[in-house]
Undergrad: 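Please see the structure below; I have some questions.
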Amino acid sequence: MSQKGIKVVTIGGGSSYTPELIEGFIIRYHTLPVREIVLVDIEEGREKLEIVGTLAQRMVKKSGLPIKILLTTERKSALRDADFVITQIRVGGSEGRIKDVRISLSHGVIGQETNGAGGLFMGLRTIPVILEIASEMQELCPDAWLVNFSNPAGMVTEALLRYGTHPKVVGLCNVPTTIHKLLSQILDVESQRVRIDFAGLNHMVFGLRTYLDGCDISEHALNLTIEHSDRMTMNNIHPITWEPDFIRGLGVIPCPYHRYYYKTTDVLEELSAEYQRGETRPEVVQRLETELFQQYRDPDLNEKPDILAQRGGAFYSDAACQLIASIYTDAQDIQTVNVRNNGAIRGLPVDSAVEVSSLITKEGPKPLSVGELPIAVMGLVQQIKSFEQLGAEAAVTGDYHTGLLALTINPLISSDTVAKRLFDEMLDAHRAFLPQFANKAGA
């Protein structure tokens with residue numbers, strides 16, 4: 001890395017999350033001396049890029065720090081000599097996400113952007129683009145770290161590890177960060193005093209053990225999770241209350257997304273009502289983003305607005321900044337990231353992507369060994385891992401049957417017949433963003 005400071009490239013720079021990212025770099029400047037942040041987007045996103053980029057420049061000006069904010073639609077020129085590359089893209093845009101959710105619900109199944117059909121098709125659209133970025137990085141900035149929080153983060157990381165040409169890859173999610181913050185608030189203590197050992201997959205991660213000031217408080221934390229289950233969720237997931245005896249039997253802290261699998265009927269009922277009202281989560285987010293960008297246009301705004309916290313991905317960008325800072329400073333702290341398993345979780349492929357507490361070093365994350373997951377959760381984790389692996393393979397090969405198989409084995413899909421109908425309709429709806437499936441169909 002240059003002695004003059006760090007160069008960070010953010011692909012998807014016109015995202016509404018970007019102001020949180022800029023705030024994170026400003027806060028950490030004295031330990032993470034970023035000299036240049038290049039915000040990159042596609043031509044269709046130029047207007048949003050300019051709005052967000054101008055706000056970012058005002059934020060930096062207010063801070064008085066010597067950080068240069070550059071805007072471009074030329075990805076390759078931006079990547080040259082980068083130290084860190086952040087990917088926060090949504091191939092197909094918000095309209096694609098709306099299609100994922102509404103088409104899935106029209107077939108009577110859940111299709112959120114990382115679960116079921118929505119997760120699969122988000123992956124099919126996103127993975128080829130991310131792999132192309134990784135290939136460009138290997139040519140233009142081979143020493144840079146790729147930090148991805150484009151969804152579905154687990155499947156994308158799986159694809160990067162299996163099919164990518166750039167080895168320095170880490171996936172990131174805000175779910176462990178959110179659980180940690182929420183439990184710290186319920187405990188009424190500073191978050192630095194709390195540690196949760198996380199293990200599993202992206203949006204399929206469990207809190208295995210919880211510590212306060214180094215003392216094991218796992219049983220107390222589990223009871224608090226039960227008592228405050230309405231608070232232990234996120235803006236994009238209904239706070240449906242857990243059955244206390246089920247959580248006691250589970251013995252580990254579930255993440256908010258587990259409601260899709262353990263409370264499928266209740267969640268589907270809520271989502272179907274939203275579908276009928278035209279108020280599915282992506283439709284709500286689309287309206288929220290319109291309001292966000294109206295605020296971003298205000299020439300007097302020079303800080304992250306409070307309304308951004310209403311986005312489901314709050315804390316994503318802060319987690320990214322902390323990860324980058326820890327790699328840069330060789331902090332040797334523990335963060336939960338998506339990395340190659342390397343035997344950290346027994347029972348999952350050694351070379352597959354897992355989400356697990358890891359030691360963050362200048363050589364990158366080192367996953368902490370947790371052994372076997374509890375038998376009560378291991379089967380579901382393995383099923384989702386199979387879904388991720390087949391989904392990543394389908395995204396790369398464009399093989400119809402592999403894609404259909406991936407969808408059918410997902411636990412949110414009720415039958416192979418439903419999967420076939422849903423897969424064909426989704427394939428047709430997203431054809432413009434799925435060139436690898438051109439002229440390919442089932443027999």
Undergrad: Donor-acceptor pair, distance only, cut-off 3.5 Å: does the side chain of His238 make one with the backbone of Val267?
TA: no
Undergrad: Taking only residues two or more places apart in sequence or in another chain, which ones pass side chain to side chain donor-acceptor pair (under 3.5 Å) with Thr87?
TA: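 Thr87 satisfies side chain to side chain donor-acceptor pair (under 3.5 Å) with Asn148 only.
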Undergrad: Determine whether Asn174 and Phe149 satisfy the following criterion, side-chain contact (heavy atoms from CB on, under 4.5 Å), listing intermediate values before the conclusion.
TA: CA-CA 9 Å; Asn174 68 329; Phe149 46 94; over 6 Å; no
Undergrad: For the rings on Phe206 and His258, is their centre-to-centre separation under 6.0 Å?
TA: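 Between His258 and Phe206, which both carry aromatic rings, the centre distance is below 6.0 Å.
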Undergrad: Any heavy-atom pair between the side chains of Thr210 and Val194 that's under 4.5 Å?
TA: yes
Undergrad: Does atom CD of Glu269 have more than 12 heavy-atom neighbours, drawn from other residues, nucleotides or ligands, at distances under 6.0 Å?
TA: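 Not buried by this count: 12 neighbours or fewer within 6.0 Å.
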Undergrad: Mind checking the CG-OG1 spacing from Asn302 to Thr54? Nearest 0.5 Å is all I need.
TA: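 Between atom CG of Asn302 and atom OG1 of Thr54 there are 13.0 Å.
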Undergrad: Step by step, work out the side-chain contact (heavy atoms from CB on, under 4.5 Å) result for Lys7 and Arg35.
TA: CA-CA 6 Å; Lys7 177 180 177 180; Arg35 63 175 169 84; 4.0 Å; yes
Undergrad: Where do Met232 and Pro256 come nearest, in terms of heavy atoms and distance?
TA: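 Closest pair (atom of Met232, atom of Pro256, distance): O-CG, 3.8 Å.
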Undergrad: Could you check whether any side-chain N or O of Tyr296 sits under 3.5 Å from a backbone N or O of Lys48, counting only pairs where one atom can act as donor and the other as acceptor?
TA: no
Undergrad: Describe, in one word, how the ring planes of His203 and Tyr257 are oriented to each other, choosing from parallel (under 30°), tilted (30 to 60°) and perpendicular (over 60°).
TA: parallel
Undergrad: Sub-3.5 Å donor-acceptor pair from the side chain of Ser326 to the main-chain atoms of Gln322, do we have one?
TA: yes
Undergrad: Determine the minimum heavy-atom distance between Pro254 and Ile247, stating which atoms define it.
TA: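 Minimum heavy-atom contact is CG-CD1, 3.8 Å.
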Undergrad: Counting C-beta onward and ignoring hydrogens, is there a side-chain heavy-atom pair between Tyr328 and Val34 closer than 4.5 Å?
TA: no
Undergrad: What pairs with Thr280 under side chain to side chain donor-acceptor pair (under 3.5 Å), at least two apart in sequence or on another chain?
TA: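 If we apply the side chain to side chain donor-acceptor pair (under 3.5 Å) test to Thr280, skipping adjacent residues, the hits are Glu283.
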Undergrad: Can you confirm whether more than 12 heavy atoms, excluding those of Glu363, are under 6.0 Å from its CD atom?
TA: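 Yes, enclosed.
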Undergrad: Within the distance-only criterion (no hydrogens, no angle test), does the side chain of Lys263 pair as donor or acceptor with the backbone N or O of Thr241 below 3.5 angstrom?
TA: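 Between the backbone of Thr241 and the side chain of Lys263 there is a qualifying donor-acceptor contact (under 3.5 Å).
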Undergrad: Would you name the heavy atoms of Val52 and Gly13 that are closest together and state the gap between them?
TA: CG1-O, 3.6 Å
Undergrad: Assess whether a salt bridge exists between Arg248 and Asp245, defined as any Lys/Arg side-chain N lying under 4.0 Å from an Asp/Glu carboxylate O.
TA: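 Here Arg248 pairs with Asp245 in a salt bridge, since their nearest N and O are under 4.0 Å apart.
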Undergrad: Closest approach of Ala392 and Ile127, non-hydrogen atoms and distance?
TA: CA-CD1, 3.9 Å
Undergrad: Is Asp41 reaching over with its side chain to a backbone N or O of Gly14, donor-acceptor style, under 3.5 angstrom?
TA: yes
Undergrad: Between CG of Asn223 and NE2 of His220, what distance do you get to the nearest 0.5 Å?
TA: 8.0 Å
Undergrad: Taking Lys304 first and then Asp318, would you say they form a salt bridge - that is, a charged N and a carboxylate O separated by under 4.0 Å?
TA: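 Here Lys304 does not pair with Asp318 in a salt bridge, since their nearest N and O are not under 4.0 Å apart.
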Undergrad: Calculate, to the nearest 0.5 Å, the distance between atoms CD1 and CD1 belonging to Ile11 and Ile130 respectively.
TA: 7.5 Å
Undergrad: Judged by atom type as modelled, is there a donor-acceptor pair below 3.5 Å linking the side chain of Asn341 to the main-chain atoms of Leu348?
TA: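 Side chain of Asn341 to backbone of Leu348, a donor-acceptor pair under 3.5 Å: yes, one is there.
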Undergrad: Can you give me the closest heavy-atom contact between Leu407 and Ala117, atom names plus distance?
TA: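 Closest pair (atom of Leu407, atom of Ala117, distance): CD1-CA, 3.5 Å.
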Undergrad: Taking salt bridge (charged side-chain N to carboxylate O under 4.0 Å, His left out) as the cut-off, I'd like each qualifying pair that reaches into residues 335-360, sequence neighbours left out, listed once.
TA: Arg162-Asp351
Undergrad: Do Val60 and Phe25 pass the side-chain contact (heavy atoms from CB on, under 4.5 Å) test, and can you show the C-alpha distance, the side-chain angles, and the key distance before you say yes or no?
TA: CA-CA 10 Å; Val60 168; Phe25 287 127; over 6 Å; no
Undergrad: Check Arg75 with Glu132, please: is the shortest side-chain N to carboxylate O separation under 4.0 Å?
TA: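 So Glu132 pairs with Arg75 through a salt bridge.
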Undergrad: Say whether Gln286 and Ser94, considering side chains only, have a donor N or O and an acceptor N or O under 3.5 Å apart.
TA: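 On atom types as modelled, these side chains qualify, holding a pair under 3.5 Å.
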Undergrad: Stepwise, does the side-chain contact (heavy atoms from CB on, under 4.5 Å) test hold for Ser352 with Glu158?
TA: CA-CA 6 Å; Ser352 66; Glu158 184 75 28; 3.5 Å; yes
Undergrad: Hey, is CD on Glu243 packed in by over 12 heavy atoms from elsewhere, all under 6.0 Å?
TA: no
Undergrad: Check for a donor-acceptor pair, side chain of Gln88 on one end and backbone N or O of Thr10 on the other, with a separation under 3.5 Å.
TA: no
Undergrad: Could you grab the distance from atom OG1 of Thr265 to atom CD1 of Ile110, nearest 0.5 Å is fine?
TA: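 Thr265 atom OG1 to Ile110 atom CD1 measures 8.5 Å (nearest 0.5 Å).
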Undergrad: Sorted by first residue and then second, give each salt bridge (charged side-chain N to carboxylate O under 4.0 Å, His left out) pair with at least one member in residues 321-338; sequence neighbours left out.
TA: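 Passing the test, one end in residues 321-338: no pairs.
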Undergrad: Does anything in residues 387-396 form a salt bridge (charged side-chain N to carboxylate O under 4.0 Å, His left out)? List the pairs, not counting sequence neighbours.
TA: Lys385-Glu388
Undergrad: For Ile69, is there any backbone N or O sitting under 3.5 Å from a side-chain donor or acceptor partner on Gln57?
TA: yes
Undergrad: Mind checking the CD1-CG spacing from Ile413 to Leu120? Nearest 0.5 Å is all I need.
TA: 9.0 Å
Undergrad: Minimum heavy-atom separation for Ala319 and Leu172, please, with both atom names.
TA: C-CD2, 3.5 Å
Undergrad: Can you list every pair that meets salt bridge (charged side-chain N to carboxylate O under 4.0 Å, His left out) and has a residue in residues 211-233, with sequence neighbours left out?
TA: Arg193-Asp213, Arg209-Asp216
Undergrad: Does Thr264 reach the main-chain N or O of Tyr261 with its side chain, forming a donor-acceptor pair under 3.5 Å?
TA: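 At least one qualifying donor-acceptor pair exists.
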Undergrad: Inspect the contact between Arg281 and Glu274 and indicate whether a charged nitrogen and a carboxylate oxygen are less than 4.0 angstrom apart.
TA: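 No salt bridge links Glu274 with Arg281.
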Undergrad: Supply the atom-to-atom distance Asn202 CG to Thr114 OG1, rounded to the nearest 0.5 angstrom.
TA: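 Reported to 0.5 Å precision, the distance equals 6.5 Å.
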Undergrad: Give me the one residue out of Ile26, Thr329, Ile6 that meets side chain to side chain contact (heavy atoms under 4.5 Å, CB included) with Leu32.
TA: Ile6
Undergrad: If we ignore hydrogens and angles and just use 3.5 Å, is the side chain of Gln383 paired with the main-chain N or O of Ile409 as donor and acceptor?
TA: yes
